[in-house]
Amino acid sequence: MQTAHTLDMLRKEVARLRADGSTFGLVPTMGALHEGHLTLVRRAREVCDHVAASIFVNPAQFGPNEDLDAYPRQLEADAAMLKAEGCDLLWAPDVTAMYPDGFVTNISVSGVSEGLCGASRPGHFDGVATVVCKLFNQVLPTHAFFGEKDFQQLAVIRAMARDLDLTQPHVHSIIGVPTVREPDGLAMSSRNRYLSDADRAAAATLPRAMKAAIARFEAGDAAAPALAALENELLSAGFVSVDYAVLADSASLVPLAALKGTPARLIVAARIGGTRLIDNMAAG
Ligand code: PAF
């Protein structure tokens with residue numbers, strides 16, 4: 001596996017890997033890799049001839065009081081994991097390679113980025129859309145792989161790639177990969193390592209309470225009482241607050257009052273200790 005830290009190095013490697021017109025998958029990450037990321041790499045290897053991963057802790061998607069400085073950074077360990085999975089290329093730029101002096105562009109996707117995490121983390125999805133657009137133009141993948149755990153992020157990226165015509169020159173397909181979970185159901189996340197033992201045990205209430213809410217939606221209950229019960233259960237288990245718990249249309253992410261026979265998703269963000277957890281599950 002080659003590692004590129006500069007755009008020049010990256011371009012040479014990309015040209016080499018793409019020379020025979022083969023398919024080329026990109027797995028964008030912020031590092032601190034876990035089984036969820038490695039599942040994306042494995043999926044990319046099944047679908048594509050060559051696979052690149054990127055590791056870049058993107059300052060543009062963190063708010064002023066968020067965990068940018070604390071975000072785990074472990075480039076060597078991550079590189080070893082990617083190599084063991086058969087990744088061909090690692091793109092690991094530093095902040096000045098990604099945002100050189102004078103960088104002034106911002107990509108803002110309206111609609112799908114506005115509610116949910118967009119409301120509780122202002123500017124977050126602008127930062128995601130901007131860096132992912134840059135990654136697509138830098139790496140020129142034919143396929144890109146993202147975890148469904150960040151369901152709204154996936155919707156924002158699909159909208160950005162469609163609207164900026166990135167799907168024609170190179171990124172033909174953006175593939176969402178189902179969330180990988182711990183044995184007790186907690187969705188894997190690089191931020192789970194922030195949890196104390198007690199909070200980690202209580203965090204398993206989140207997927208359990210979500211499944212109970214989905215069972216109620218599917219039994220015909222309206223969204224509001226089932227979501228209120230879900231919030232109460234999280235707060236009783238020791239969650240500090242619930243940013244949102246929403247039953248939403250899977251495509252538009254517009255909130256639904258009840259299931260109506262079209263694909264829907266239960267999407268939740270809640271805080272435990274100092275950590276904000278997000279999760280989502282299909283409903284109906
Ligand atoms: O999901 C992530 O790890 C990040 O948001 C991404 C897509 C790599 C952009 O920085």
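We count ligands from 1, going down the list as the structure has it; atoms in each ligand are counted the same way.
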Please test R181 against D279 for salt bridge (Lys or Arg N to Asp or Glu O under 4.0 Å), starting from the C-alpha separation and ending with a verdict.
CA-CA 10 Å; R181 297 180 180 277; D279 201 350; 2.9 Å; yes

Which of the atoms of ligand 1 are close to [X], meaning less than 4.0 Å from one of its heavy atoms?
X    : value
P28  : 8 (C)
T29  : 8 (C)
Q61  : 4 (C), 5 (O), 9 (C), 10 (O)
V131 : 9 (C), 10 (O)

Do D20 and S22 have side-chain atoms, one donor and one acceptor, less than 3.5 Å apart?
yes

Determine the interplanar angle of the F103 and Y99 rings, folded into 0 to 90°, and report it as parallel if under 30°, tilted if 30 to 60°, perpendicular if over 60°.
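Answer is perpendicular, since the angle exceeds 60°.
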
Using distance alone, determine whether N58 and ligand 1 share an N or O pair under 3.5 Å.
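Min N/O separation from ligand 1 is not below 3.5 Å for N58.
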
Residue and atom name of the nearest protein heavy atom (relative to atom 2 (C) of ligand 1), distance in Å to one decimal
Q153 NE2, 3.8 Å

N/O donor-acceptor pair under 3.5 Å between T142 side chain and H170 backbone:
no

What pair of heavy atoms forms the shortest contact from Q152 to E114, and how long is it?
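Q152 and E114 have their closest heavy atoms at NE2-N, 4.2 Å.
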
